[in-house]
Number of protein chains: 2
Amino acid sequence: MSLPHALLTALIERPSSGFDLAARFDKSMAYFWQASHQQIYRELARLEEAGWVQSSVDESGRGGRKVYEVLAAGREELRRWVAEPTDPRPLREELMVRLRADAAVGPCGLQHEIARRLALHQAQLAEYQTIEQRDFAPGNDHRAQRLQHLVLQAGILMESMWCEFSERALAILNEPEPEAGAGSPAADQTPGPASS
Amino acid sequence: MSLPHALLTALIERPSSGFDLAARFDKSMAYFWQASHQQIYRELARLEEAGWVQSSVDESGRGGRKVYEVLAAGREELRRWVAEPTDPRPLREELMVRLRADAAVGPCGLQHEIARRLALHQAQLAEYQTIEQRDFAPGNDHRAQRLQHLVLQAGILMESMWCEFSERALAILNEPEPEAGAGSPAADQTPGPASS
DNA sequence: CGGGGCATGTAACCTGTTACATGATTAG
DNA sequence: CTAATCATGTAACAGGTTACATGCCCCG
């Protein structure tokens with residue numbers, strides 16, 4: 001969906017080969033967009049066919065290293081795309097399905113899994129906060145830098161939310177039950193979210 | 001990935017036809033898992049082939065209405081799956097790509113899009129809060145109900161986060177710029193998130 | 001008898017994942 | 001020479017989306 005434009009952005013930030021892009025996607029874009037090297041090669045070929053980027057073979061280095069640069073048409077396309085309206089794509093969160101399933105069939109030991117995830121999210125949050133303190137000093141007023149800080153803050157908000165959520169989930173799942181309850185009681189009539 | 005198990009859960013809550021399931025997915029599961037009717041039919045056929053559900057044609061109603069019920073093996077499979085460990089699947093958020101692109105090529109009018117989204121998230125948040133007050137009275141101690149409440153709260157946390165984020169983004173994007181800045185200045189060297 | 005909603009599907013396509021294939025350079 | 005790393009790809013598949021096809025029943 002937005003892979004081509006993510007690549008254009010990355011190439012504007014720095015012209016690179018497919019291999020470099022694959023490595024950089026693991027670093028700076030990793031937590032809000034990912035792509036395997038196969039996808040990247042496939043997409044770069046399309047971008048070139050569309051006339052948005054241009055490749056030149058770098059003879060100096062290793063064999064067959066193709067460096068891509070963004071052309072004017074690509075820059076134009078990127079600017080067009082940035083302002084294009086798109087609805088937020090709905091969530092698709094497996095864990096919620098699990099919780100609902102647990103509610104339907106009764107306790108399944110889900111709390112271990114949630115505890116494991118809580119630890120993961122705490123670790124990730126700590127990492128982001130470290131990066132924030134390292135790379136974003138209080139007094140930066142450059143627009144581009146403030147936007148990049150904002151993107152990092154989104155990651156922080158997200159991980160905080162998951163920690164909060166995991167703790168609430170554990171509070172419910174770890175509660176001692178009155179009786180070791182059978183399969184599934186009267187779990188019909190889901191009042192759940194939405195409707196209206 | 002978890003569509004088969006989402007279907008099993010929904011069918012345990014209430015045996016239904018594919019058509020009904022498609023309608024219910026639009027209601028109670030809509031905000032954390034979606035499926036088109038084509039997917040649902042495809043998947044129900046697989047579930048039946050696997051011996052997890054059983055269909056019976058309902059002659060009384062409209063022609064060819066196939067009602068599915070979960071078999072013991074399906075219930076077993078669902079319990080197994082609930083406790084199965086899986087890592088949280090990484091984010092894939094188009095808007096972040098847009099912000100980064102904006103940072104790379106300069107202002108593109110992104111604030112209109114963000115303002116539009118803020119309104120959407122505020123509306124969704126209000127809707128969830130209405131549902132919460134309507135369906136979840138303070139004194140409910142049934143485990144299943146508390147879990148369903150938790151899932152709704154996740155939606156509320158999520159929408160609150162997006163509102164907060166959108167407001168921060170607008171604060172930066174609406175800022176008056178010193179000069180109407182050219183294309184892209186020295187936006188190399190992305191310090192961005194991750195790396196560790 | 002014709003249109004609209006109920007109900008079930010098929011086919012084609014796009015994106016993303018996994019596995020495999022190939023060659024060139026460099027370090028030991 | 002061999003193994004690791006750099007670097008580019010192909011092929012097959014799985015999940016999800018869009019468009020299209022089909023038939024029944026009820027209402028006007």
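Each chain gets a letter, A, B and so on, in the order its sequence line appears, and its residues count up from 1.
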Hey, what are the protein-to-nucleotides 13-15 of chain C N/O distances that come in under 3.5 Å?
| residue | atom | partner | partner atom | Å |
| --- | --- | --- | --- | --- |
| dT15(C) | OP2 | R46(A) | NH1 | 3.2 |

Got a sec, which residues hit side chain to side chain contact (heavy atoms under 4.5 Å, CB included) with [X], two or more places apart in sequence or on another chain?
| X | value |
| --- | --- |
| R168(A) | E164(A), L150(B), Q153(B), L157(B) |
| E76(A) | none |
| R117(A) | E93(A), L95(A), E113(A), H121(A), T86(B), P88(B) |
| R89(B) | M1(B) |

Who passes ring-ring contact (aromatic ring centres under 6.0 Å, His included) against F25(A), sequence neighbours left out?
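Applying ring-ring contact (aromatic ring centres under 6.0 Å, His included) to F25(A) gives none.
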Among all residues two or more places apart in sequence or in another chain, which pass the ring-ring contact (aromatic ring centres under 6.0 Å, His included) test with F19(A)?
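Scan of F19(A) (ring-ring contact (aromatic ring centres under 6.0 Å, His included), adjacent residues dropped) gives none.
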Rest of the hydrophobic cluster containing L71(B) (Ile/Leu/Val/Met/Phe/Trp/Tyr, side-chain heavy atoms under 4.5 Å)?
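Members besides L71(B): none; it forms no cluster.
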Linking directly or through intermediates, with side-chain heavy atoms under 4.5 Å: list the remaining ILVMFWY members grouped with V67(A), chain and number order.
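Its cluster mates, by chain and number: none.
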Can you tell me how far [atom2] of [N] sits from [atom1] of [X], to the nearest Å?
| X | N | atom1 | atom2 | result |
| --- | --- | --- | --- | --- |
| F25(A) | dA7(D) | CZ | P | 18 Å |
| I40(B) | dA7(C) | CD1 | C1' | 13 Å |
| D20(A) | dG9(D) | CG | C1' | 16 Å |

Is any side-chain N of the basic residue among E175(A) and R143(B) closer than 4.0 Å to the acidic one's carboxylate O?
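Looking at R143(B) together with E175(A), the answer is no, because their closest N to O distance does not fall below 4.0 Å.
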If the threshold is 4.0 Å, N to carboxylate O, is there a salt bridge linking D20(B) and K66(B)?
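Answer for the salt bridge query: no.
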If you only use heavy atoms from C-beta on, which nucleotide in dT8(D), dG16(D), dT8(C) is closest to the side chain of F19(A)?
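Looking only at side-chain atoms, F19(A) lies closest to dT8(D).
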Side chain of K66(B) only, please: which of dA7(C), dG16(C), dT8(C) is the nearest?
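Given the options dA7(C), dG16(C), dT8(C), the side chain of K66(B) is closest to dT8(C).
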Of residues 80-91 of chain B, the positions that come close to DNA chain D - non-hydrogen atoms, cut-off under 4.0 Å:
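None - not one residue of the stretch has a heavy atom sitting under 4.0 Å from the strand.
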Whether Y41(B) contacts dG9(C) is assessed here as follows: a side-chain N or O lying under 4.0 Å from the phosphate OP1 or OP2. Is that the case?
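No, because none of the side-chain N or O atoms of Y41(B) sits under 4.0 Å from OP1 or OP2 of dG9(C).
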Tabulate protein N/O versus nucleotide N/O from nucleotides 18-22 of chain C, keeping only pairs under 3.5 Å, one per line.
| residue | atom | partner | partner atom | Å |
| --- | --- | --- | --- | --- |
| dA19(C) | N6 | Q38(A) | NE2 | 2.8 |

Salt bridge (Lys or Arg N to Asp or Glu O under 4.0 Å) against R80(A), all qualifying residues, sequence neighbours excluded
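Result, salt bridge (Lys or Arg N to Asp or Glu O under 4.0 Å) vs R80(A): E77(A), E84(A).
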